[in-house]
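Since the structure comes first, as structure tokens, the remarks are kept for the end.
Proteins come first, then strands; the chains are lettered A, B, ... in the order of their sequence lines, and each starts at number 1.
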Amino acid sequence: MKNLKYLLLRRATQIGLMFLYFAANAYGWHILEGTFGSSKLFGLIPLADPYTTLQALSAGFLLGADVLVGALLIVLFYMIVGGRAFCSWVCPINMVTDLANWLRRKLKLDKEEVNYRFLKRRTRYWIMVLGLIVSAIVGIAAFEAISPITIMQRGIIFGFGAGISIVIAIFLFDLFGVKNGWCGHLCPLGAAYSIIGQKSIIRVKHNHEACTNCMECKIVCPENQVLHMINKESISVTDGECTNCGRCIDVCNDDALGFSIRNLNKDS
Amino acid sequence: MKSSNNNRRKFMATTLQSVGLTALGGLLWSGYCDEAKASPLVLRPPGALPEEQFLDVCIKCGLCAEACVNRESNKNKDGTQREGTLKMAKGGDHKLIGTPYFIPTEVPCYMCDDIPCAVVCPSEALDIKSLLNEKKELDINKAKMGLAVVHKESCVAYWGLQCDACYRACPLLDEAITLDYQKNERTGKHAFLLPVVHSDVCTGCGLCEKACITEKPAIFVLPREYAMGRAGDHYVKGWDKKDQQRAGNRKLDEIETHDERSQQAPSDYLNREIEY
Ligand code: SF4
Ligand code: SF4
Ligand code: SF4
Ligand code: SF4
Ligand code: SF4
């Protein structure tokens, strides 16, 4: 039987968190209130999205202390512990793009790898910077005005309206357009978390001795450029673009991949 | 040599194209954002910063809307939840996505004493300081969400019919709206009871708009920026010592008009038949 341990754990986390957010509005629960922009944990601890906070700050006005403290807490968590785990364990868009990706594989749309001239994986970092510049020019948080992530999240909490169309657009883009198009090439939030989480301690580790070179991991990985060590070296995946989703671990039948704590002396 | 030249040319071309595409993207993105924030006729929760600043500072978390719908007082007698006042703008609402607003004819603001929506705001886009009274206590009467405006021609009280629905609905009864008594000359034996809104007291809660009996409310709340004029510092109340001080703020060079006409003396028109 296929191993789905981390996939199921992730879906449970994603859906569970979304439900808590939803319940805060629908039933007045005080466990996790607000949206990613800014949340309250247990009605007490502020949390805020660092990239959104940065956009609002670059648009020129000072924000309340709760948001600043909240953004700091989130940065510390992903910087030290989670890496880019926001993308695979929290973000609801991940479910949409994973589905598109899965369908792509089922429909065999991926025979040839296309090399796009302007849509590189590093494009997202440019968009991230551009978002801050546009925020400064226009005077509002620019990515927040179009972010499919919070549009989807607010859709789940408060109702979708026409906002659903951007979520569908991303699904279609990832399915028929570019493989991992949104999360792997465009999303500035994913880019921000890649940078924040670069040095985090939770890492996937490869055991070169056990590897049979089946390449299942590379097929399933949404950021497979980070798996350059497969069947070459027994080291950790240290690239910040790894989302710590654990799909590679799930699909590996030879125990050649597993989560580990970064060996600070060796891998840094 | 030739291939390195080629490489360089290719590199330059790619760079140029990337810069160009980035600029194009930036322009489109800015254009969209600029468009998206231009939704003037929208009412914000109590304590909201001036619109321009609010649009940036509000982090679009929805905590205000959640606090509003889940407040204790928002329950029916049988304990079921009522709809909240604050909505979060979504795609298709033609307001900046994710920002809170309310529509008085749907659910007006009930002016809660403890202002749960503003208290919970983490970004201070809802500014508690603007909602404190002289004793430094929270005071919802300080809120300035908008200003109620009466359209006289459709308000049936101005026809001479008896209606004081808005006057009675107002939480600041006889302060924000007063009734002006006038003689009805048409019948000769009745009185007009005319609702008049006072902008220094009205909070813009919209309860009057919700209560108004006409098909489309004859009293309605507009953002204050749109509902109010400004006399300017060159008009002062000569009988009011305090108001007279405003005259000092005048910017004479901005007020005085300089155009072709002002170069000539008025007498020139009479004496030398100058045409303008
Ligand atoms: S890349 Fe962006 S959309 Fe994709 S999972 Fe990460 S934050 Fe969500
Ligand atoms: S390397 Fe593994 S954990 Fe990291 S993104 Fe790829 S599949 Fe997920
Ligand atoms: S003051 Fe108005 S907007 Fe705020 S919680 Fe009460 S009803 Fe809602
Ligand atoms: S609580 Fe404040 S920051 Fe959050 S949506 Fe409401 S106004 Fe905006
Ligand atoms: S909006 Fe209407 S009901 Fe509310 S304070 Fe003003 S006049 Fe009174």
Side-chain angles (χ1 to χ4, degrees), chain A residues 21 24-29 33-40 46 48-49 52-53 55-57 59-67 69-70 117-118 126-127 129-131 133-135 137-147 150-151 153-155 157-166, chain B residues 14 17-23 25-37 49 52-72 74-75 81 84 86-94 96-100 120-128:
Chain A
Y21 276 117
N25 186 54
Y27 318 121
W29 290 12
E33 299 163 87
T35 60
F36 296 142
S38 186
S39 320
K40 265 209 172 89
D49 177 69
T52 310
T53 308
Q55 290 170 68
L57 285 177
F61 295 107
L62 201 60
L63 302 172
D66 270 11
V67 173
V69 172
R117 188 149 175 218
F118 292 105
W126 288 112
I127 295 181
V129 176
L130 193 62
I133 297 173
V134 173
S135 299
I137 295 174
V138 187
I140 56 171
F143 182 60
E144 267 314 292
I146 54 172
S147 163
T150 33
I151 286 177
Q153 191 192 18
R154 270 193 306 268
I157 304 172
F158 301 105
F160 266 103
I164 191 86
S165 56
I166 189 164
Chain B
T14 317
Q17 274 174 316
S18 315
V19 170
L21 282 178
T22 312
L27 278 176
L28 289 176
W29 198 351
S30 308
Y32 171 77
C33 288
D34 217 36
E35 217 34 51
K37 70 178 214 183
L49 295 170
E52 182 87 347
Q53 203 170 341
F54 177 80
L55 289 178
D56 173 31
V57 176
C58 168
I59 198 122
K60 305 164 187 72
C61 63
L63 283 167
C64 51
E66 290 174 2
C68 178
V69 67
N70 288 305
R71 65 191 199 276
E72 245 346 280
N74 200 33
K75 287 204 168 71
Q81 197 77 45
L86 301 179
K87 306 174 197 309
M88 300 299 289
K90 37 187 183 279
D93 285 350
H94 302 292
L96 181 62
I97 274 185
T99 53
V120 81
C121 176
S123 68
E124 290 168 27
L126 305 181
D127 182 17
I128 291 290

Open item on the list: Please check: side-chain N/O of B:Asn74 versus main-chain N/O of B:Val69, any donor-acceptor pairing under 3.5 Å?
Closed with: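 Side chain of B:Asn74 to backbone of B:Val69, a donor-acceptor pair under 3.5 Å: yes, one is there.
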Task: Heavy-atom donor-acceptor pair, A:Glu33 side chain to B:Glu66 backbone, under 3.5 Å - done: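 It does not hold such a pair.
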Just give me the residue among [options] that pairs up with chain B most often, heavy atom to heavy atom, under 4.5 Å.
{"options": "A:Ser38, A:Gly37, A:Gly28", "result": "A:Ser38"}
{"options": "A:Trp126, A:Phe158, A:Tyr27, A:Phe36", "result": "A:Phe158"}
{"options": "A:Ile127, A:Ile146, A:Val69, A:Leu57", "result": "A:Ile146"}
{"options": "A:Ser165, A:Ala26, A:Gly159", "result": "A:Gly159"}
{"options": "A:Ile157, A:Ile151, A:Leu62, A:Val138", "result": "A:Val138"}

Counting only non-hydrogen atoms closer than 4.5 Å, does [X] touch chain A with its backbone (N, CA, C, O), its side chain (CB onward), both, or neither?
{"X": "B:Gln81", "value": "neither"}
{"X": "B:Val57", "value": "both"}
{"X": "B:Leu21", "value": "side chain"}
{"X": "B:Ile59", "value": "both"}
{"X": "B:Asn70", "value": "side chain"}

Looking only at heavy atoms, what is the nearest atom pair of [X] and [Y], with distance?
{"X": "B:Lys60", "Y": "A:Ala141", "value": "NZ-CB, 4.4 Å"}
{"X": "A:Lys40", "Y": "B:Val120", "value": "NZ-O, 3.6 Å"}
{"X": "A:Glu144", "Y": "A:Arg154", "value": "OE1-NH1, 4.3 Å"}
{"X": "B:Leu63", "Y": "A:Gly34", "value": "CD2-N, 3.5 Å"}

Open item on the list: Tell me every residue that passes side chain to side chain contact (heavy atoms under 4.5 Å, CB included) with B:Thr22, counting only those two or more places apart in sequence or in another chain.
Closed with: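 For B:Thr22 the side chain to side chain contact (heavy atoms under 4.5 Å, CB included) partners, ignoring immediate neighbours, are A:Leu130.
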Open item on the list: Suppose we screen for side chain to side chain contact (heavy atoms under 4.5 Å, CB included). Which residues come up paired with A:Ile137, at least two apart in sequence or across chains?
Closed with: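 Only A:Ile133 meet the side chain to side chain contact (heavy atoms under 4.5 Å, CB included) criterion with A:Ile137.
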TODO: Could you tell me the separation between the CG atom of B:Leu86 and the OG1 atom of B:Thr99, rounded to the nearest 0.5 Å?
DONE: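 Between B:Leu86 CG and B:Thr99 OG1, I get 11.0 Å after rounding to 0.5 Å.
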Of the listed residues ([options]), which shares the most heavy-atom pairs with chain A below a 4.5 Å separation?
{"options": "B:Cys61, B:Gly26, B:Ser30, B:Gly91", "answer": "B:Cys61"}
{"options": "B:Gln53, B:Glu52, B:Lys37", "answer": "B:Gln53"}
{"options": "B:Ser18, B:Gly25, B:Cys121, B:Cys33", "answer": "B:Cys33"}

If I measure from the heavy atoms of chain B, does [X] come under 4.5 Å with its side chain, its backbone, both, or neither?
{"X": "A:Ile166", "value": "neither"}
{"X": "A:Phe160", "value": "backbone"}
{"X": "A:Thr53", "value": "both"}

Open item on the list: Taking atom CH2 as the centre, does B:Trp29 end up with more than 12 heavy-atom neighbours from other residues, nucleotides or ligands that are less than 6.0 angstrom away?
Closed with: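 Yes, the 6.0 Å shell around CH2 holds more than 12 heavy atoms from other groups.
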